[in-house]
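Below, chain A is the first sequence line, B the second, and so on; all start at residue 1.
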Amino acid sequence: ILNVEQSPQSLHVQEGDSTNFTCSFPSSNFYALHWYRWETAKSPEALFVMTLNGDEKKKGRISATLNTKEGYSYLYIKGSQPEDSATYLCASSRGSARQLTFGSGTQLTVLP
Amino acid sequence: EAEVAQSPRYKITEKSQAVAFWCDPISGHATLYWYRQILGQGPELLVQFQDESVVDDSQLPKDRFSAERLKGVDSTLKIQPAELGDSAMYLCASRLTGDNSPLHFGNGTRLTVT
C-alpha cells in the first residue's frame with residue numbers, strides 16, 4: 001500500500017448499533033497514525049494519535065487499535081448516536097519528513 | 001478552548017481573479033499547515049511552516065499559489081489567477097512542535113471559482 005486508504009467510503013447505521021471502519025497505510029517507515037472526526041460545518045477534531053504497534057486508545061464510546069506491522073488501524077464506535085454522524089479521517093506519517101497523508105474518509109450517518 | 005481562526009468562511013470568485021485566505025493559529029503553535037480538500041478526497045498538504053520558514057511546499061502549485069507567514073504567527077494563502085479546478089475547501093491547521101501532537105484545524109474556507 002502506497003497511500004492511506006479508508007473503508008467503507010460511507011456507512012449508514014441505526015441508532016444504538018456498533019460500527020467500525022478501517023484505515024490502511026504503508027507499514028514501512030511508519031511513525032504515527034491520527035484519527036479525526038469532521039462534522040458538517042465544523043472543523044476536523046482530533047480523536048487519537050497512535051504510535052505503538054498494538055496500541056489501543058479509547059475516548060468515551062469510541063476506541064481505536066493500531067497494527068503497524070501490517071499497516072492498519074480500526075476505529076470502533078459502540079452504541080452509535082445521531083451526534084456521531086460525521087466524516088472520520090485517518091492520516092499516517094512516515095519517514096524522516098513525517099508529513100501527514102490523509103485518507104479520503106468514512107462518512108458515517110447514524111439514523112434515529 | 002483556543003481555536004484556529006480562518007477567514008473568509010466562503011469565497012466565490014471568477015476565474016482569473018486573485019483570492020486570498022487568512023489563518024491565525026493557536027497562540028504558541030510554531031507549526032502551521034495549509035491543506036486543500038477536494039470533495040470526495042482527503043486533505044492534501046499545500047504548505048507547511050515552522051515559525052516563519054517554509055518546511056515543505058513541494059505540493060504547492062507555485063505558478064499561481066503563494067503562502068507567507070512573515071512574523072511566524074498568522075499566515076496568508078493567495079491564488080492568482082484562480083482556475084475552475086481550484087474550487088475546494090482550504091483548511092489551515094496548527095500544532096505544537098512535536099511530531100506526536102495532533103493537528104488543530106480551523107473551520108476552513110470554501111472556495112468556489114466560476
Inset, instruction - Let me know if Arg110(B) has heavy atoms under 4.5 Å from chain A in its side chain, its backbone, both or neither. - result: neither
Inset, instruction - Start with the C-alpha distance between Phe102(A) and Leu45(B), add both sets of side-chain angles, then the distance that settles side chain to side chain contact (heavy atoms under 4.5 Å, CB included), and finish with yes or no. - result: CA-CA 9 Å; Phe102(A) 281 84; Leu45(B) 179 68; over 6 Å; no
Legend entry - Contact leader toward chain A among His104(B), Glu44(B), Gln41(B), where contacts are heavy-atom pairs under 4.5 Å: Gln41(B)
Legend entry - Proximal component of Ser93(A), with respect to chain B [non-hydrogen, under 4.5 Å]: neither
Inset, instruction - Output all residues satisfying ring-ring contact (aromatic ring centres under 6.0 Å, His included) with Tyr72(A), sequence neighbours left out; order by chain, then residue number. - result: Tyr74(A)
Inset, instruction - Evaluate whether atom NZ of Lys57(A) has more than 12 neighbouring non-hydrogen atoms of other residues, nucleotides or ligands under 6.0 angstrom away. - result: yes
Legend entry - Lys69(A), NZ: over 12 other non-hydrogen atoms inside 6.0 angstrom: no
Inset, instruction - Inspect the surroundings of CD1 in Ile12(B) and state if more than 12 heavy atoms from other residues, nucleotides or ligands are less than 6.0 Å away. - result: no
Legend entry - Heavy-atom contact with chain B under 4.5 Å, split by part of Leu47(A): neither
Inset, instruction - Might you point out which heavy atoms bring Ala32(A) and Asn100(B) nearest each other, and give the distance in Å? - result: CB-OD1, 4.2 Å
Legend entry - Leu84(B) atom CG, over 12 foreign heavy atoms within 6.0 Å: yes
Legend entry - Test item: Leu89(A) and Pro43(B) side chains (from C-beta on) under 4.5 Å apart, heavy atoms: yes
Legend entry - Interatomic distance, His34(A) atom NE2 to Arg95(B) atom CZ [nearest 0.5 angstrom]: 5.5 Å
Inset, instruction - With a 4.5 Å heavy-atom cut-off (strictly below), which parts of residues 38-45 of chain A touch chain B? List them by number. - result: Trp38(A), Ala41(A), Lys42(A), Ser43(A), Pro44(A)
Inset, instruction - Name all residues meeting the side chain to side chain donor-acceptor pair (under 3.5 Å) criterion together with His29(B); count only those two or more places apart in sequence or in a different chain, and write none if there are none. - result: Ser94(B)
Inset, instruction - Spell out, yes or no, whether Val4(A) and Leu75(A) are grouped together once hydrophobic residues are joined by side-chain heavy atoms under 4.5 Å, including indirect joins. - result: yes
Inset, instruction - Under the side chain to side chain donor-acceptor pair (under 3.5 Å) rule, collect the residues that match up with Glu3(B), sequence neighbours excluded. - result: none
Inset, instruction - Taking atom CD of Glu14(B) as the centre, report whether more than 12 heavy atoms of other residues, nucleotides or ligands fall under 6.0 Å from it. - result: no
Inset, instruction - Decide yes or no for Tyr36(A) and Pro102(B): does some side-chain heavy atom of the first lie under 4.5 Å from some side-chain heavy atom of the second? - result: yes
Inset, instruction - For chain A, find which of Val4(B), Val55(B), Leu103(B), Leu91(B) contributes the most heavy-atom pairs closer than 4.5 angstrom. - result: Leu103(B)
Legend entry - Heavy-atom neighbours of Gln37(B) CD exceed 12 at 6.0 Å: yes
Inset, instruction - Step through the shown structure and confirm whether more than 12 heavy atoms of other residues, nucleotides or ligands are within 6.0 Å of CD on Gln50(B). - result: yes
